[in-house]
K.L.:
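Shown below is the structure under consideration.
The figures here come from the full heavy-atom set of this structure, side chains too, leaving out hydrogens, waters and symmetry mates.
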Amino acid sequence: MTNVTFKAFLSSDICIINTISMKYIIVGAVAGGASTAARLRRLDEHAEIIIFEKGAYISYANCGLPYYIGNVITDRNKLFVQTAGAFNQRFNIDVRVQTEVMSVNAEEHTITAKNLVTGEEYVERYDKLVLSPGAEPIRPPLPGITNEGIFTLRNVKDTDFIKAYVDKKSVKKAVVIGAGFIGLEMAENLHGLGLEVSVIEMGSQILAPVDFPIAAMVQQHIRSKGVELFLNNAVTGFEKNGEKLLVNLKTGNSLEADVVILSIGVKPDTRLAVGAGLEIGDARGIKVNEYLQTSNPDIYAVGDAIEFTNPITGQSLVTYLAGPANKQGRICANNIVLGNVQKYNGSINTAIVKVFDMTVAAAGTAVKHLKFSNIKHIVSTTHNGAHAGYYPGAGQMTMQIAFDPETGQLYSAQIAGYEGVDKRIDLLSSIIKRKSTIYELIELEHAYAPPFSSAKDPVNMAGFVAENILLERLHIFYWNEMDQINNDDIFIDVRREDEYQKGRIEGAINIPVDEIRNRLNEIPKDKNVFIYCEAGLRGYLAQRILLQNGYASVKNLSGGYKLWKAATEERDFADALHLSNA
């Protein structure tokens, strides 16, 4: 349906819906559920709307919980976007907190609810039902997991328990299990409270949604803060040792802790959907169509519990992000009231996280998932200052993009840096979502002043490099492809001599780019030539000189020495740990 048609529905149906009294029930009152309820009321003033929430709070800032624990947010009340009373007063919606929906009878159009305070159970009828139960934290049945001092963080109640425990128990050591977004936010905030923090991650890297080279740069930053990272490691159980907890690892070692945060992950809460006979998809979420309608036409679903088709890979996925959930709520309400008039086009999982002084962001499909889906792609990595180099504080950001080798369609973007990461990922996300190409990166017009950007923004620069690759003006190889280089090839470090002396890739000779024209006699034309510099630009300049002087095979290291060093150090670190675990 076009936007013009949708607007016509929105305007013409208002008078119709006012003549029909409908009853809408929504299960779950955080991002998706609260957004659906508010939009329903804006579209239908006369409907009866009931929203059930098994917790004590609605519409709270879930993403702000770690920062309240860490005293970055000091006023607890600021976590609440709306209270149940205020929501009822403004929207005339019956908000029932601490009331759990126990079951759904889809044939009878009823739900059974239980007041968790009084124990009373009762039945409510609905015309349309919206499921927004969210996701539930994974809590594996490990020995000792019920010991005092072991927490998950999913809601306000969890937050209050953790904060009270940390404040009152003179906690000094914390172990965070899981190095995803929430795990790293908790590690940072506990570290900010003065605790000694260790992070345990079963995988070989932190932040599973990003690719290893970007994760490697952030891992080094985390280590620089004195936080211990235990990668390629698994927890086998917990024990009490006096007042302390022992976190037992697969290696046979143990870590001592005063408090443990489980951040292993979450899974869609599909209990009600399964009980109602609704279809569950391949990703184990509630299956919905493009209108957010379940397999039952009178039941819709939004938020963390649903799965939908990935716009890039075409595969089903679940996303646990507040932004998509809020947008789904609005679209869902439109479709309920106006009759499936607006499609949900899926999410590309645009996400961002603060990790101590760094910011990490991603949008689209990571390279590892493109490979898994057999989608042909090219990867390019660039390093640029967040703003003009002559203006103080121009911290570097590393930007990795992946794109189609023929059309240039942008598939993904990942950034690790300091300031300005957020606005760049938003630009890149928009381009990915619209299935546009790297050529748009080149033409993108941005606001420029020295404190904010450069005349050629890092996004533009990523586009320039990608275009050079597609036009075969730039031939690249990657940090993990050093085995391409054999003894018959020429391997050149084109940085200055002082940079070369401080650290280099084994086997490289040093011919600075500014000297290369005068030293062509040292580089045989019948050999394969591999080049690198610190970030990639000088290597590209040297490559252009050689190609235009009769050299047939010249490749430049994408991301340069900077990326190679971070990635290989972290890979070697992980490999060594993995061997010790075997």
K.L.:
Please check if the number of heavy atoms outside D282 that lie under 6.0 Å from its CG is greater than 12.
P.N.:
no
K.L.:
Using a cut-off of 6.0 Å, state whether more than 12 heavy atoms not belonging to Y439 lie near its atom OH.
P.N.:
yes
K.L.:
Enter the distance from C63:SG to F181:CZ here, rounded to the nearest 0.5 Å.
P.N.:
10.5 Å
K.L.:
Do L428 and I415 have side chains that approach each other closer than 4.5 Å (heavy atoms only, starting at C-beta)?
P.N.:
yes
K.L.:
Could you tell me if the side chain of F530 sits less than 4.5 Å from the side chain of E481, heavy atoms only?
P.N.:
no
K.L.:
Give a yes or no on this: more than 12 heavy atoms of other residues, nucleotides or ligands lie within 6.0 Å of atom CZ of R434.
P.N.:
yes
K.L.:
Does a side-chain heavy-atom distance below 4.5 Å link S429 with I348?
P.N.:
yes
K.L.:
Do the side chain of N335 and the main chain of C332 share a donor and acceptor less than 3.5 angstrom apart?
P.N.:
no
K.L.:
Apply side-chain contact (heavy atoms from CB on, under 4.5 Å) to the pair I138 and T152, showing each step before the final yes or no.
P.N.:
CA-CA 9 Å; I138 296 171; T152 57; over 6 Å; no
K.L.:
Which pair of heavy atoms, one from F477 and one from I485, lies closest together, and at what distance?
P.N.:
CE1-CD1, 4.1 Å
K.L.:
I need the N349 CG to Y320 OH distance, nearest 0.5 Å.
P.N.:
10.5 Å
K.L.:
Side-chain donor-acceptor pair under 3.5 Å between Y411 and D404, yes or no?
P.N.:
yes
K.L.:
Under the criterion side-chain hydrogen bond (donor to acceptor under 3.5 Å, both in side chains), which of Q205, Q400, H369 is the partner of D211?
P.N.:
Q400
K.L.:
Looking only at heavy atoms, which two atoms of F230 and N233 are closest? And how far apart?
P.N.:
O-CB, 3.7 Å
K.L.:
Considering residues at least two apart in sequence or located in another chain, which fulfil the salt bridge (charged side-chain N to carboxylate O under 4.0 Å, His left out) criterion with D357?
P.N.:
K225
K.L.:
Got more than 12 heavy atoms from elsewhere within 6.0 Å of NZ, K456?
P.N.:
no
K.L.:
Less than 3.5 Å apart, any donor N or O on the side chain of Q342 or N334 sitting next to an acceptor on the other?
P.N.:
yes
K.L.:
More than 12 heavy atoms of other residues, nucleotides or ligands under 6.0 Å from NZ of K287: is that the case?
P.N.:
no
K.L.:
Could you go through R154 and D304, starting from their C-alpha distance and side-chain angles, then the distance that decides it, and tell me whether this counts as salt bridge (charged side-chain N to carboxylate O under 4.0 Å, His left out)?
P.N.:
CA-CA 12 Å; R154 188 64 187 167; D304 294 356; 2.7 Å; yes
K.L.:
Sort out for me which residue in L292, V302, I331 forms a side chain to side chain contact (heavy atoms under 4.5 Å, CB included) with T36.
P.N.:
V302
K.L.:
Measure the OG-CZ distance between S204 and R571 for me, rounded to the nearest 0.5 Å.
P.N.:
11.5 Å
K.L.:
Looking at N460 and L444, what are the two nearest heavy atoms and their distance?
P.N.:
ND2-O, 3.2 Å
K.L.:
Decide if atom OH of Y448 counts as having more than 12 heavy atoms of other residues, nucleotides or ligands within a radius under 6.0 Å.
P.N.:
yes
K.L.:
Any idea which heavy atoms bring G536 and C533 closest together, and the distance?
P.N.:
N-SG, 2.9 Å
K.L.:
Which pair of non-hydrogen atoms, one from V199 and one from A187, has the smallest distance, and what is that distance?
P.N.:
CG2-CB, 3.8 Å
K.L.:
Do V227 and F356 have side-chain heavy atoms sitting under 4.5 Å apart?
P.N.:
yes
K.L.:
Can you tell me how far apart CG (L563) and CD1 (I214) are? Round to the nearest 0.5 Å.
P.N.:
6.5 Å
K.L.:
For the backbone of T270 and the side chain of R284, can you confirm whether one donor and one acceptor N or O come within less than 3.5 Å of each other?
P.N.:
no
K.L.:
Taking K327 for the side chain and S347 for the main chain, is one N or O donor matched with an acceptor at less than 3.5 Å?
P.N.:
no
K.L.:
Could you check F308 against T319 for side-chain contact (heavy atoms from CB on, under 4.5 Å), going step by step and ending with a plain yes or no?
P.N.:
CA-CA 9 Å; F308 48 83; T319 187; 3.5 Å; yes
K.L.:
Nearest 0.5 Å, what's the CD1-CD distance between I378 and E406?
P.N.:
9.5 Å
K.L.:
Out of M186, H191, E188, which residue meets the side chain to side chain contact (heavy atoms under 4.5 Å, CB included) rule with V197?
P.N.:
H191
K.L.:
Within the 4.5 Å heavy-atom criterion, are I505 and M482 side-chain neighbours or not?
P.N.:
yes
K.L.:
In the structure I gave you, are the side-chain heavy atoms of T294 and I286 within less than 4.5 Å of one another anywhere?
P.N.:
yes
K.L.:
Less than 4.5 Å apart, side chain to side chain, heavy atoms only: is that true for E467 and I442?
P.N.:
yes
K.L.:
Taking NZ, NE, NH1 and NH2 as the nitrogens, is one of them in D457 or K423 under 4.0 Å from a carboxylate oxygen of the other?
P.N.:
no
K.L.:
Taking the six-membered ring for Trp, are Y532 and F491 closer than 6.0 Å centroid to centroid?
P.N.:
yes
K.L.:
Determine whether Q219 and E569 make a side-chain contact, defined as any pair of heavy atoms from C-beta on separated by less than 4.5 Å.
P.N.:
no
K.L.:
Which atom pair, heavy atoms only, marks the closest approach of A394 to A388?
P.N.:
CB-O, 3.6 Å
K.L.:
Is the NZ atom of K354 crowded by more than 12 outside heavy atoms at less than 6.0 Å?
P.N.:
yes
K.L.:
With rounding to the nearest 0.5 angstrom, report the CG to OH distance, N528 to Y551.
P.N.:
13.0 Å
